[in-house]
A.B. asks: 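Got a structure here, written out as structure tokens. Questions coming.
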Amino acid sequence: MIKNKIKDLWKIPIFKYTLVIHLLFFVLSTILTLIFFRELNDFRVYYRAGEIALTDFKEIYNPAYYDWPFRYLPLAAFYFIPFSLMSFDFGFIIFNTINLLLNVIIIIYIYKIWILIRREDHEKEDDRIVLYICLFLMSLPQVFNYFLGQINLYITFLIVYSLYLFIKSDQMKIQFIASLLLGVSVLFKPITIFMFPFIILTHYNYETKKFKLEFSKSVVRLIGALIPLAINAIFFFIFPALLHDFIAINITGETNTLVNYSFSITKLITNFSYLIGIPTSVLVQSQIYVMISILLILGGIGFFIFIFRRSSRFSIINGYCLGILIMLLAYFDSWDHHLLILIPILIIIIFNIPRKSKITRKYIKPSLFFFNFFGLLFIGLYLIVQNFFPFNFIPTIFLIISFLGVSIILLKK
């Protein structure tokens, strides 16, 4: 069956061209990084973390060992040990090859989710979903991810696969496994923890005018999601200094105040503060309050809308999207390659709402095409004007547009 499906897809010109283009992304990014840009990729951080985890685990957050900080939870460092046992070049090739395979698995599960959630007014043929899958594979963040040797596709896979399981089955064990996968994603990107509130099965019933909570299933979901965090808590308990260093690197550290092209609201505010002359020492002390304020405002609005939603059709899809958007808007460092986590969810949303929906035309599609093909252009523009205008704010606008679009979907009958 799979073999026949591949043959059918190969007959679609855009799918054929997409595979060629994506393989070029993979090959050229890997070669260029290893030959010319060895010092400019994030895999160096993972590779070093694996070495340190093997020799002196307590030092995995020590900045003296890195050019850039290792930001992930302690358990993640163990995953990188096998790569550190290889030569750097071979480890990088294997790591990027895994990214390539993850892309294959991700598009398979996007397709499977499409089968489960597509509305009746959408085309029965799969040409349109294949087109959107091709857009995902040809997106510029894919190049960025391969070039940097980044780990975003691991997160994307865990999110998409967990979403598939949540939608496919109501069995408690499947719900538990799905939430466990979501919890594992936090090991590699702690900011995905912002998605946890949206797996709670609660909403306001407008007919009975009461709040409804599916207690047992919500508890099972939360337990599954929190298990990976609980395991990490053991490391923090045994080595208290690790917790201090982790918080400093991710939340309170001076590196978070550095002016850069992150497009989060928090970063735009700290960049502005730097521009008007606020001392770094003050920014270091106040940055956490800026991030928490943005998180509480956006998180509060998002969760309020989610609870008082009128649309109940696969609402977890929209909940996932809100969680990702809140993360990208609130955290200090939100980069173009992080959009690989968001793009598949936006694609799925398009097929979960009516075919001729104005929300798709006004909010979701414009954001999707911007994130796919134009975000990197504004990084280039930022690098040109950063000395007098250090704001990469256009992606922020499209994130807000996406947030508004998903909110409208939830609030409309």
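Source: prediction; values computed, not measured.
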A.B. asks: Quick one, I110 and W114 - any side-chain contact, counting heavy atoms below 4.5 Å?
C.D. replies: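 Not touching, per the 4.5 Å side-chain cut-off.
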A.B. asks: Report yes if some heavy atom in the side chain of F378 is under 4.5 Å from a heavy atom in the side chain of L381; otherwise report no.
C.D. replies: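 Side chain of F378 against side chain of L381, heavy atoms only: contact under 4.5 Å found.
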A.B. asks: Ring-plane angle category for F371 and F398, please: parallel below 30°, perpendicular beyond 60°, tilted otherwise.
C.D. replies: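 Aromatic pair F371/F398 classed perpendicular.
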A.B. asks: Tell me yes or no: between the side chains of N352 and R119, is some donor less than 3.5 Å from an acceptor?
C.D. replies: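 Their side chains do not contain a donor-acceptor pair, so the 3.5 Å distance test is not met.
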A.B. asks: Taking S29 for its side chain and F26 for its backbone only, find out whether a donor-acceptor pair lies under 3.5 Å.
C.D. replies: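 No; judged by distance alone, with no hydrogens or angles, the pair does not exist.
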A.B. asks: Enter the distance from Q175:CD to L201:CG here, rounded to the nearest 0.5 Å.
C.D. replies: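 Between Q175 CD and L201 CG, I get 7.0 Å after rounding to 0.5 Å.
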A.B. asks: Tell me whether the rings of Y261 and Y382 are parallel (<30°), tilted (30 to 60°) or perpendicular (>60°).
C.D. replies: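 Perpendicular.
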A.B. asks: Is the shortest side-chain heavy-atom distance between L140 and N372 below 4.5 Å?
C.D. replies: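 A side-chain contact under 4.5 Å is absent here.
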A.B. asks: Identify the two heavy atoms, one from T360 and one from P354, that lie closest to each other, and give their separation to 0.1 Å.
C.D. replies: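 Reported closest heavy-atom pair: OG1-O, 4.4 Å.
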A.B. asks: Please report the C-alpha distance between F194 and F198 in whole Å, then the side-chain angles of each, then the deciding distance to 0.1 Å, and finally whether the ring-ring contact (aromatic ring centres under 6.0 Å, His included) criterion is met.
C.D. replies: CA-CA 8 Å; F194 295 168; F198 298 97; over 10 Å; no
A.B. asks: Do I60 and F239 pass the side-chain contact (heavy atoms from CB on, under 4.5 Å) test, and can you show the C-alpha distance, the side-chain angles, and the key distance before you say yes or no?
C.D. replies: CA-CA 11 Å; I60 59 170; F239 307 110; over 6 Å; no
A.B. asks: Would K217 and D170 pass as an ion pair if we require N to O under 4.0 Å?
C.D. replies: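 So K217 pairs with D170 through a salt bridge.
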A.B. asks: Which is it for L213 and I200 under the side-chain contact (heavy atoms from CB on, under 4.5 Å) test, yes or no, and what are the steps along the way?
C.D. replies: CA-CA 8 Å; L213 171 64; I200 299 173; 4.0 Å; yes
A.B. asks: Using side-chain heavy atoms (C-beta onward) and a distance below 4.5 Å, is F235 in contact with L75?
C.D. replies: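 F235 reaches L75 side chain to side chain.
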A.B. asks: Is it true that a side-chain atom of N318 and a backbone atom of L410 form a donor plus acceptor pair closer than 3.5 Å?
C.D. replies: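 Pair absent, no side-chain N/O of N318 close to backbone of L410.
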A.B. asks: Passes side-chain contact (heavy atoms from CB on, under 4.5 Å), Q142 versus F136? Steps please.
C.D. replies: CA-CA 8 Å; Q142 293 276 7; F136 169 66; 3.5 Å; yes
A.B. asks: Indicate yes or no: at least one non-hydrogen side-chain atom of K356 is less than 4.5 angstrom from one of R361.
C.D. replies: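 Not touching, per the 4.5 Å side-chain cut-off.
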A.B. asks: Got a salt bridge between R118 and E123, using NZ or NE/NH1/NH2 to carboxylate O under 4.0 Å?
C.D. replies: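 Between E123 and R118 there is no salt bridge, as every charged N stays at least 4.0 Å from the carboxylate O atoms.
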A.B. asks: What is the ring orientation for F188 with Y154, classed by angle as parallel under 30°, tilted 30 to 60°, or perpendicular over 60°?
C.D. replies: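 If you compare the ring of F188 with that of Y154, the planes turn out tilted.
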A.B. asks: Between atom CD1 of I317 and atom CD1 of I345, what is the distance when rounded to the nearest 0.5 Å?
C.D. replies: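 It comes to 8.0 Å.
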A.B. asks: Backbone N or O of R38 within a donor-acceptor pair of the N41 side chain at under 3.5 Å?
C.D. replies: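 Indeed, once roles are kept as given, a pair shorter than 3.5 Å links the two residues.
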A.B. asks: For the residue pair F351 and Y132, categorise the inter-ring angle as parallel (less than 30°), tilted (30 to 60°) or perpendicular (more than 60°).
C.D. replies: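 Rings of F351 and Y132: perpendicular, as their planes differ by over 60°.
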A.B. asks: Which value, rounded to the nearest 0.5 Å, describes the distance between T266 atom OG1 and I292 atom CD1?
C.D. replies: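 Between atom OG1 of T266 and atom CD1 of I292 there are 10.0 Å.
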A.B. asks: I'd like to know if the side chain of Q150 and the backbone of H337 have a donor-acceptor N/O pair within less than 3.5 Å.
C.D. replies: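 Answer holds: no.
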A.B. asks: Between T156 and L102, is a side-chain contact (heavy atoms from CB on, under 4.5 Å) present by the stated rule, with each step listed?
C.D. replies: CA-CA 9 Å; T156 307; L102 285 173; over 6 Å; no
A.B. asks: Heavy-atom count around F308 CZ within 6.0 Å, excluding the residue itself: above 12?
C.D. replies: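 Yes, the 6.0 Å shell around CZ holds more than 12 heavy atoms from other groups.
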A.B. asks: Do the ring planes of F43 and F88 sit parallel (below 30°), tilted (30 to 60°) or perpendicular (above 60°)?
C.D. replies: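 F43 and F88: tilted rings.
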A.B. asks: Give a yes or no on whether the backbone of I353 and the side-chain of S357 come within a donor-acceptor separation of less than 3.5 Å.
C.D. replies: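 No.
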A.B. asks: Which value, rounded to the nearest 0.5 Å, describes the distance between S87 atom OG and Y47 atom OH?
C.D. replies: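 S87 OG to Y47 OH: 6.0 Å, rounded to 0.5 Å.
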A.B. asks: Where the side chain of T33 meets the backbone of F147, is there a donor-acceptor pair that is under 3.5 Å apart?
C.D. replies: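 Checked: pair present.
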A.B. asks: Going by the angle between their ring planes, with limits at 30° and 60°, are F70 and Y66 parallel, tilted or perpendicular?
C.D. replies: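 Parallel, since the angle between the ring planes stays under 30°.
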A.B. asks: Between the main-chain N or O of N260 and the side-chain N or O of N271, is there a donor-acceptor pair closer than 3.5 Å?
C.D. replies: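 Between the backbone of N260 and the side chain of N271 there is a qualifying donor-acceptor contact (under 3.5 Å).
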A.B. asks: State whether a side-chain donor-acceptor pair under 3.5 Å links N96 with T30.
C.D. replies: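 Yes, side-chain donor-acceptor contact under 3.5 Å.
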A.B. asks: Taking atom CG of L340 and atom CG of N99, what is their separation to the nearest 0.5 Å?
C.D. replies: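 With rounding to 0.5 Å, CG (L340) is 9.0 Å from CG (N99).
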A.B. asks: Taking the side chain as C-beta and beyond, is there a heavy-atom pair between F391 and F272 under 4.5 Å?
C.D. replies: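 A side-chain contact under 4.5 Å exists here.
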A.B. asks: Tell me every residue that passes ring pair (Phe, Tyr, Trp, His ring centres under 6.0 Å) with F236, counting only those two or more places apart in sequence or in another chain.
C.D. replies: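 Partners of F236 by the ring pair (Phe, Tyr, Trp, His ring centres under 6.0 Å) criterion, ordered by chain and then number, come out as F246.
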A.B. asks: Using 30° and 60° as the class limits, which term best fits the ring planes of Y46 and F95: parallel, tilted or perpendicular?
C.D. replies: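 Answer is tilted, since the angle falls between 30° and 60°.
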A.B. asks: Can you tell if the side chain of Y111 reaches within under 4.5 Å of the side chain of I129, non-hydrogen atoms only?
C.D. replies: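 Yes - at least one pair of side-chain heavy atoms lies under 4.5 Å apart.
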A.B. asks: Could K112 and Y109 be counted as a cation-pi pair, given that NZ or CZ must be under 6.0 Å from the ring centre and within 45° of the axis?
C.D. replies: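 Yes, K112 and Y109 form such a contact.
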A.B. asks: Identify, with sequence neighbours excluded, every residue that meets side-chain hydrogen bond (donor to acceptor under 3.5 Å, both in side chains) alongside Y146.
C.D. replies: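 Applying side-chain hydrogen bond (donor to acceptor under 3.5 Å, both in side chains) to Y146 gives H22, N103.
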A.B. asks: Could you tell me the separation between the CG atom of L329 and the CD1 atom of I297, rounded to the nearest 0.5 Å?
C.D. replies: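 Answer rounded to 0.5 Å: 12.0 Å.
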A.B. asks: Tell me every residue that passes ring pair (Phe, Tyr, Trp, His ring centres under 6.0 Å) with F176, counting only those two or more places apart in sequence or in another chain.
C.D. replies: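 Testing F176 for ring pair (Phe, Tyr, Trp, His ring centres under 6.0 Å), a comparison that skips the adjacent residues, returns none.
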A.B. asks: May I have the step-by-step check of side-chain hydrogen bond (donor to acceptor under 3.5 Å, both in side chains) for S264 and S334, ending in yes or no?
C.D. replies: CA-CA 6 Å; S264 72; S334 295; 4.7 Å; no
A.B. asks: Is there side-chain contact between F157 and L101, with at least one heavy-atom pair below 4.5 Å?
C.D. replies: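 Counting from C-beta outward, F157 and L101 never come under 4.5 Å.
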A.B. asks: For the side chain of S162 and the backbone of L181, is there at least one donor-acceptor N/O pair under 3.5 Å apart?
C.D. replies: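 Judged by distance alone, no pair lies under 3.5 Å.
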A.B. asks: Start with the C-alpha gap between S262 and Y331, add the side-chain angles, then the distance that decides, and say whether side-chain hydrogen bond (donor to acceptor under 3.5 Å, both in side chains) holds.
C.D. replies: CA-CA 9 Å; S262 167; Y331 189 61; over 6 Å; no
A.B. asks: Examine R309 relative to F306 and say whether NZ or CZ is less than 6.0 Å from the centre of the six-membered ring and inside a 45° cone about the ring axis.
C.D. replies: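 Output yes; distance and angle both within limits.
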